[in-house]
Amino acid sequence: MTIEEQAFRAGLNYKKKQLISKSNYQTLLYKLTNIVKKGDKELFLNTLLEYSKERKIPSFFEENDLQEEKVFKAVGYGFIVGLTQN
């Protein structure tokens with residue numbers, strides 16, 4: 001399984017567990033998309049943490065080295081797409 005697929009599954013799981021308040025859901029998606037475009041990993045994680053009900057980020061982001069911008073963007077977009085699935 002590729003890192004992008006893992007990110008997609010992390011997004012699916014995050015949504016299934018309803019770890020994000022529904023009232024903030026669209027705002028979060030918009031913010032995360034813009035942050036990934038900029039390539040700012042720290043802001044991405046901080047924003048996800050801010051909107052999380054449990055105040056924690058998915059372990060997937062802690063377990064993988066996402067320092068390279070190209071990898072971070074692929075993973076970020078994969079996670080966002082996972083969040084948008086039903």
Side-chain angles (χ1 to χ4, degrees):
M1 183 181 307
T2 66
I3 194 167
E4 292 88 354
E5 292 170 328
Q6 291 174 21
F8 174 78
R9 289 183 188 270
L12 282 174
N13 289 334
Y14 211 69
K15 184 174 182 182
K16 281 182 187 177
K17 292 179 182 178
Q18 297 180 343
L19 297 175
I20 302 167
S21 168
K22 288 187 179 194
S23 63
N24 295 324
Y25 185 71
Q26 293 299 322
T27 303
L28 175 63
L29 290 175
Y30 176 78
K31 285 184 175 186
L32 290 179
T33 301
N34 285 327
I35 291 167
V36 171
K37 283 181 190 177
K38 295 177 187 176
D40 190 339
K41 178 187 174 194
E42 187 174 331
L43 184 56
F44 181 91
L45 296 177
N46 287 338
T47 302
L48 190 56
L49 185 64
E50 177 185 333
Y51 281 83
S52 172
K53 287 181 182 177
E54 295 184 354
R55 298 284 183 215
K56 67 178 188 175
I57 59 171
S59 61
F60 169 81
F61 291 105
E62 296 170 351
E63 296 166 357
N64 291 286
D65 181 22
L66 306 176
Q67 296 305 315
E68 187 177 330
E69 185 174 347
K70 183 178 176 181
V71 174
F72 166 69
K73 285 185 175 186
V75 166
Y77 286 127
F79 183 79
I80 292 167
V81 170
L83 285 176
T84 64
Q85 302 302 303
N86 291 327

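Please read all numbers here as calculations on a predicted model, not as lab measurements.
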Checking Val36, Thr47, Leu43 against Lys31 for side-chain contact (heavy atoms from CB on, under 4.5 Å), the one that qualifies is Thr47

Mind listing the side-chain donor-acceptor pairs of residues 76-83 below 3.5 Å, one per line with the distance, residues two or more places apart or on another chain?
none

Once salt bridge (Lys or Arg N to Asp or Glu O under 4.0 Å) is applied, do any residues pair with Glu69, and if so which ones, sequence neighbours excluded? Lys73

Residue set satisfying side-chain hydrogen bond (donor to acceptor under 3.5 Å, both in side chains) with Glu4, at least two apart, ordered chain then number -> Thr2

Who pairs with Lys38 by salt bridge (Lys or Arg N to Asp or Glu O under 4.0 Å), at least two apart in sequence or on another chain? none

I'd like to check the ring pair (Phe, Tyr, Trp, His ring centres under 6.0 Å) partners of Phe72; sequence neighbours left out, ordered by chain and number. Phe44

If I take atom OG1 from residue Thr27 and atom CG from residue Leu32, how far apart are they, to the nearest 0.5 angstrom? 10.5 Å

More than 12 heavy atoms of other residues, nucleotides or ligands under 6.0 Å from CD of Glu42: yes or no? no

Taking Leu45 as the starting point, is it possible to reach Leu28 by hopping between hydrophobic residues whose side chains are less than 4.5 Å apart? yes

In the hydrophobic clustering (ILVMFWY, side-chain contacts below 4.5 Å, transitive), which residues join Tyr30, or is it alone? none

